[in-house]
Amino acid sequence: MWTKKAVLMISLGVVCLLLGLIFRNILLMALSISIFVYTVVGLFSSKVKNIRPERQLSHEKIFEDGVVKVELRLLNEGGRTGFLEVRDSLPTQLQLKSGSNYTYLNLNPKGVTKLRYSVKAPIKGVFHMGPVTLRSHDTFNLYFSELKMKYESLLTVFPQTRDVKELYIRSKQPKMYPGEMRVKMPGPGAEFFSIRDYMPGDPFKDINWKAYASTGKLLVNEHERESVSDVTIVFDSRATSNYGMDSDNPNLYGARAAATLANFFLKRRDSVQLVIYSDKVTTVKKGSGQKQLYELLTGLAGTDPKGDIPLSGIVDVALPYMPRRSPIVVISSLDEDESLRKAVSTMMVLEFDVTVLSPNSVDFEIMARKKQKKKKDAMVDPIAFEVLRLEREILLQELRSYGVRIIDWKPETPLTAILLEARNT
Amino acid sequence: MVDEIEDNEEEQTAPRRVSIGGDVILIRIIALVYGMLAFISFLVLIVDLGNIGFEIVQLIGIGVLFTGVCVGIISVWFTTVDFENEKLPSPSSIMIMISVALSTAGIIMGMWGDGRFMDTGEMNWLRLIFVGIVGIFFLAFIEVSHSSKHFTSIAKYAAEHSLAEFSVRPVITNYLMMSSLKFLLITLISVAVLLSDRLLKYIVGIINPQFAESIMLNSVYSLAIMIWIFAYPLVVILLLLSGRAKAREVEVMAAEHEGEFAEMST
């Protein structure tokens, strides 16, 4: 490739040639000959040397807003490199925090150098760091040759999780193992549920002596049953979940909500399964514990907003694998899906406890337009957005009429606050 | 691995030292020498060919050329940038361009209207070689002036961003060695092109003596023909060779590293 200097020099050569011809000036002609020869001779020796890169990351998996330290070791396996530029390519979503991913080199044979920098990952995703690009120039800096070495490292950025104290999402169908989720029925647990008549075999510690004193009958306290449950999180990662900006959109917010919910349920010893639908359906089978959390987060990190599979398709495919009467949390902006009503009614008929957490895509789009407006002169048409808002409100009301718990999530509301709303709904 | 990286934290934040003044000063001196040589050889040329009988335009031309060289000297020698308590030489691009423009104008005016500078037929081969050498000096002046700026920017960037030890001295040494060799090559090829004008005239003289005596073959136009004859096929061949070499190199590198990368990733 030619550098700016080469272009300038060739231009100068052409100018000298033309002026030489116009003014019939031998010296200018001689100068133009020298410049042309100079540019041609410069073509030699622009050769990329034999460098071997090795990249080390301080962490290969981090949460959003996390920082990774990168060390790129460059080993010269050939002769002296001469002047060499090195660039470690980074995805645009990663922000360079300190150091530089670009440097100049002049290595001796077998010489080693290390390029150190740190990057911040503000949004979730699976990012490819690399390739490493080497660029060497000729002596006069007229040309450069570039070599891209396909040496990539993967950096997985998990969506952020928030600490949630309690959620009112529970199963109607408890499982036999004790857990932390309270089920509205008597059984083993810590919380008071009701009082009933004493039956032979009831433990003495459960007798309510105060009630006995006032009524003269032996009554026992019953506790609310605490059990584990199977929870299904259905995450919408269709192309429509990408409304708004790269840093604020329903897909990112939804992934954070899914991660937070998964973390909460798993801490409660529930089994969690995740269904992601975009251009294909990805399922993380139900499981519990830290390993399951890791798998769920990896699944969420790898989702890109694309495709347009309808929710009813997921319901038809995944329902047989969902435990009956268990909670299902659907995280979706509910845009451009004609099958929503059918899907929701099917789930309700089968007595699932359905909660829809819906990031408000209209508000995300308005927020993006407002931010753009600060930069450019982009207009926000209030009537158009008002119509969209109304349409969305009608849809939400319609879904509520099926008995579904709907949480309308506006971008300015923090996740923890919106999950508290779920408790109060 | 994390600890290993963290241990080097101090090394990363350590202030960098530039100290390239001593290395670049040599480049600056060479640039000035080339500039002065270009000016003096130009004077020698017009005095030799013009037989001192200058016209006023030519005298102005010499003055303009002198001004151009002076601007170049000021640009190379006196314009600096402050960087980490050090003054680094950094010729201004605008000043270099002004210097080149003034020098070109000076050359045009200095040789204005004199037939002996227009017709190659008027020059013997020794003078033609000398014309070529004057051109090379001008070119070397432009090249080396620009290089002092280039090396300053490299050293600055390396000091600001590069965490690896980087010394600009070997780069400059390599540049001086290679550029000297290449300028020798450029001089030889340029002079060969200029002299091949004579060869062209000789060959044409055998075929058509009348055409050999025409203005076309006895003026700067014959040099334009020589540029066309030499440069065009040379550039095409070199571009083709360069493209092939590059493609082959990428393939080799990819094949060499494929196995290693696969091992590392596992």
Side-chain angles (χ1 to χ4, degrees), chain A residues 5 9 12 15-17 19-21 23-38 40-48 50 52 54 56 58-59 69 71 74 80 82-83 98-100 102-106 113-117 139-141 143 145 147-151 153, chain B residues 1-2 5-6 8 12 45 100 104 107-108 111 117-118 120 123 131-132 134-136 138-139 143 146 150 154 157-158 161-167 170-171 174-175 178-179 182 185-186 189-190 193-194 219-221 223-224 227 231 234-235 238-239 242 246 249-250 253-254 257 260-261 264:
Chain A
K5 185 182 174 185
M9 291 306 282
L12 182 65
V15 168
C16 286
L17 178 68
L19 288 175
L21 287 172
F23 296 107
R24 286 177 66 190
N25 189 311
I26 289 174
L27 186 51
L28 285 180
M29 293 299 287
L31 190 57
S32 75
I33 289 171
S34 310
I35 290 170
F36 289 136
V37 173
Y38 160 85
V40 170
V41 168
L43 270 174
F44 296 103
S45 84
S46 55
K47 191 181 169 190
V48 176
N50 195 1
R52 197 180 79 180
E54 282 173 23
Q56 280 190 329
S58 60
H59 306 90
K69 287 178 182 170
E71 185 176 280
L74 299 157
R80 178 174 270 279
F83 172 56
S98 65
S100 175
Y102 175 74
T103 193
Y104 292 104
L105 281 183
N106 183 30
T113 193
K114 287 172 184 173
L115 181 63
R116 295 193 189 98
Y117 59 93
T139 313
F140 297 134
N141 192 30
Y143 308 94
S145 59
L147 180 66
K148 281 189 180 175
M149 290 193 283
K150 286 181 183 171
Y151 176 44
S153 306
Chain B
M1 186 166 60
V2 182
I5 295 176
E6 279 170 0
N8 294 321
Q12 289 183 40
L45 186 73
V100 170
T104 311
I107 291 169
I108 293 168
M111 296 180 160
F117 298 119
M118 293 175 177
T120 49
M123 285 191 177
V131 167
V134 176
I136 292 290
F138 271 111
L139 177 65
E143 162 55 33
H146 182 269
H150 182 57
I154 290 174
Y157 193 91
H161 299 284
S162 176
L163 296 166
E165 277 304 328
F166 180 82
S167 170
V171 180
N174 182 56
Y175 169 77
M178 291 306 293
S179 64
K182 283 191 171 181
L185 188 67
I186 292 164
I189 296 174
S190 303
V193 174
L194 282 168
S219 66
V220 290
Y221 300 115
L223 291 179
I227 290 175
L234 194 64
V235 168
L238 282 174
L239 282 176
S242 162
K246 194 179 165 189
E249 204 166 27
V250 172
M253 288 292 284
H257 288 284
E260 290 158 13
F261 297 157
M264 277 188 276

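Note on naming: letters A, B, ... go to the chains in the order of the sequence lines (proteins, then strands), and numbering restarts at 1 for each one.
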Original post:
Which bit of A:Asn25 is near chain B, if near means a heavy-atom gap under 4.5 Å: side chain, backbone, both or neither?
Top reply: both
**OP:** Decide side chain to side chain contact (heavy atoms under 4.5 Å, CB included) for A:Met29 and B:Val131; before the verdict, give the C-alpha distance in whole Å, the side-chain angles of both, and the deciding distance to 0.1 Å.
**Re:** CA-CA 9 Å; A:Met29 293 299 287; B:Val131 167; over 6 Å; no
Subject >> Euclidean distance, A:Ile35 CD1 relative to B:Glu143 CD, rounded to 0.5 Å >> reply: 11.5 Å
**OP:** Compare every heavy atom of B:Ala224 with every heavy atom of A:Leu21, then report the nearest pair and how far apart it is.
**Re:** CD2-CB, 3.9 Å
Original post:
What are the two closest heavy atoms between A:Thr139 and B:Ser179, and how far apart are they?
Top reply: CG2-N, 3.8 Å
Original post:
What heavy-atom pair brings B:Gly132 and A:Ser34 nearest, and what distance separates the two atoms?
Top reply: O-OG, 4.3 Å
Subject >> Which atoms of A:Leu74 approach chain B - backbone, side chain, both or neither, heavy atom under 4.5 Å >> reply: neither
Subject >> Part of A:Leu27 lying under 4.5 Å from any heavy atom of chain B >> reply: both
Subject >> CD1 on A:Ile26 to CG on B:Leu194, rounded to 0.5 Å >> reply: 9.0 Å
**OP:** Measure distances from A:Phe140 to the heavy atoms of chain B and classify the residue's part below 4.5 Å as side chain, backbone, both or neither.
**Re:** both
Original post:
What distance do A:Phe23 atom CZ and B:Ile108 atom CD1 have between them, rounded to the nearest 0.5 Å?
Top reply: 5.0 Å
Subject >> Residue A:Leu19 versus chain B: region with a heavy atom under 4.5 Å >> reply: side chain
Original post:
What are the two closest non-hydrogen atoms of A:Phe36 and B:Ile227, and how far apart are they?
Top reply: CD1-CG2, 4.0 Å
**OP:** Using a cut-off of under 4.5 Å on heavy-atom pairs, state which of B:Ile136, B:Leu223, B:Asn174, B:Ile107 scores highest against chain A.
**Re:** B:Ile107
